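In what follows, chains carry the letters A, B, and so on, assigned in the order in which the sequence lines appear, proteins first and then strands, with residues in each chain numbered from 1. It should be emphasised that the depicted structure is a prediction, and the values quoted were computed from it without experimental measurement.
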Protein chains: 2
Amino acid sequence: MDTGIIENNKTQMRRGVLEYSILLILAAGDGYASSIINKLKEVNIIVAEGTIYPLLIRLKKLELLTYRWEESTQGPPRKYYMITELGRQQLAGLDAAWDELAKGIEIIRNGY
Amino acid sequence: MDTGIIENNKTQMRRGVLEYSILLILAAGDGYASSIINKLKEVNIIVAEGTIYPLLIRLKKLELLTYRWEESTQGPPRKYYMITELGRQQLAGLDAAWDELAKGIEIIRNGY
DNA sequence: TAGAATACCTTGCAATACAAGGTACTAAAA
DNA sequence: TTTTAGTACCTTGTATTGCAAGGTATTCTA
């Protein structure tokens with residue numbers, strides 16, 4: 001349990017972009033919970049299982065995602081999530097929101 | 001009460017960088033709650049009063065900030081917050097955390 | 001003396017990341 | 001056959017925290 005200020009803030013920052021980054025990942029190709037977690041880990045965005053499952057369910061309820069079951073030779077079947085048309089539309093909005101935020105931080109940071 | 005997916009996500013994204021952006025602003029010069037809110041508004045980061053006051057108090061408790069009272073000719077006295085040495089140290093860590101996150105998003109977004 | 005503007009602050013609610021704990025399937029080792 | 005390891009699914013409870021709403025106090029102006 002790291003309660004450091006930085007660690008806590010990293011969590012906070014991650015928080016903000018989780019749905020966004022999941023949609024980004026699924027826009028590039030279907031994936032299941034563990035594969036998404038791994039993709040995020042690759043870019044140092046660390047997410048717990050307990051975070052991602054409810055989130056995928058939420059995004060599915062919002063109809064930004066759907067899923068299909070697929071057999072695996074490595075264990076139990078996998079629930080492959082796919083982005084929907086609505087998901088892609090929302091993603092475009094999130095792209096814009098992210099750009100705006102990043103620009104805002106940039107401005108504050110550089111003082112102009 | 002906008003419950004749209006985008007609007008909600010903007011809130012989430014904001015959430016993650018609020019402490020960071022406040023420290024950035026105060027690192028550039030002392031400020032009081034309203035002036036900080038206005039600076040954030042300038043870069044399209046919209047924050048409510050009910051958010052910023054508890055947050056400043058929290059950052060003060062963590063000793064990242066201190067404050068002094070200052071008279072105003074425009075109304076009641078203002079509580080000017082100042083970043084501490086510890087605050088600057090933590091800010092450096094947050095700079096790094098932000099850069100890492102931004103880089104991560106970039107990678108996911110561009111697919112390499 | 002009333003109203004507007006500015007400043008401070010608190011309470012309660014809702015959203016949500018995550019730790020912890022649980023189920024189930026496959027494959028390989030004992 | 002049984003056990004263990006690996007993979008995958010999911011839920012519950014807790015803690016955090018942004019914000020709407022509501023409240024107090026000061027200064028200036030009409």
Under 4.0 Å between a side-chain N or O of A:Q12 and OP1 or OP2 of D:dT17?
-> yes

B:E7 atom CD is separated from D:dA20 atom P, nearest whole Å, by 11 Å

To the nearest angstrom, the CG-C1' distance between B:N9 and C:dT16 comes to 12 Å

- Close side-chain approach of A:E49 and A:I37, heavy atoms under 4.5 Å: yes

Worksheet item: Quick one: are B:R109 and A:W98 in side-chain contact, heavy atoms under 4.5 Å?
Response: yes

A:L26 and A:D30 have their tightest heavy-atom pair at CD2-C, 4.0 Å

The residue, A:S72 or B:S72, whose nearest nucleotide of DNA chain C is more 5′ is B:S72

Quiz prompt | N/O (side chain, B:N8) to phosphate O (OP1/OP2, D:dG18) under 4.0 Å | solution = no

Ordered by number, residues from residues 74-84 of chain A within less than 4.0 Å of DNA chain C (heavy atoms) are A:G75, A:P76

Between B:L62 and B:L86 the two heavy atoms that sit nearest each other are O-CD2, 3.7 Å

note: B:I45, atom CD1; D:dG18, atom P; distance rounded to Å ~ 13 Å

Open item on the list: Is it the case that atom CD in A:E63 sees more than 12 heavy atoms from other parts of the structure closer than 6.0 Å?
Closed with: no

Here the distance between atom P of D:dT7 and atom CD of A:E70, to the nearest Å, is 18 Å

From the list B:L101, B:I105, B:I108, side chain to side chain contact (heavy atoms under 4.5 Å, CB included) partner of A:V43 resolves to B:I108

(Q) I'd like to know if B:E70 and B:K79 make a salt bridge, using a cut-off of under 4.0 Å between side-chain N and carboxylate O. (A) no

Tell me whether the count of non-hydrogen atoms from other residues, nucleotides or ligands lying under 6.0 Å of NZ in B:K60 goes above 12. no

Notebook entry, point to check: Has the side chain of A:E49 got a donor or acceptor atom sitting under 3.5 Å from an opposite partner on the base of D:dC9?
Noted result: yes

Using the ring centroid of each side chain, check whether A:Y67 and A:Y80 are separated by less than 6.0 Å.
no

Heavy-atom nearest pair, B:L18 first then B:S21, reads O-OG, 3.0 Å

Rounded to whole Å, the CE-P distance (A:M13 to D:dT17) equals 13 Å

Contact check, residues 52-68 of chain B vs DNA chain D, heavy-atom distance under 4.0 Å, returns B:L55, B:R58

In whole angstroms, the gap separating P of C:dA17 from CG of B:L101 amounts to 13 Å

- prompt: Are B:Y32 and B:W69 grouped together when hydrophobic residues (ILVMFWY) are joined by side-chain heavy atoms under 4.5 angstrom apart?
  reply: no

In numerical order, the residues of residues 29-43 of chain B whose heavy atoms come under 4.0 Å of DNA chain C are B:Y32, B:A33, B:S34

Respond yes when some side-chain nitrogen or oxygen of B:T51 is under 4.0 Å from OP1 or OP2 of D:dG18, and no when none is. no

Scanning both residues in full, the closest heavy-atom pair of B:M13 with A:L94 reads CE-O, 4.0 Å

So, is A:R15 close to the D:dT16 phosphate, meaning a side-chain N or O under 4.0 Å from OP1 or OP2? no

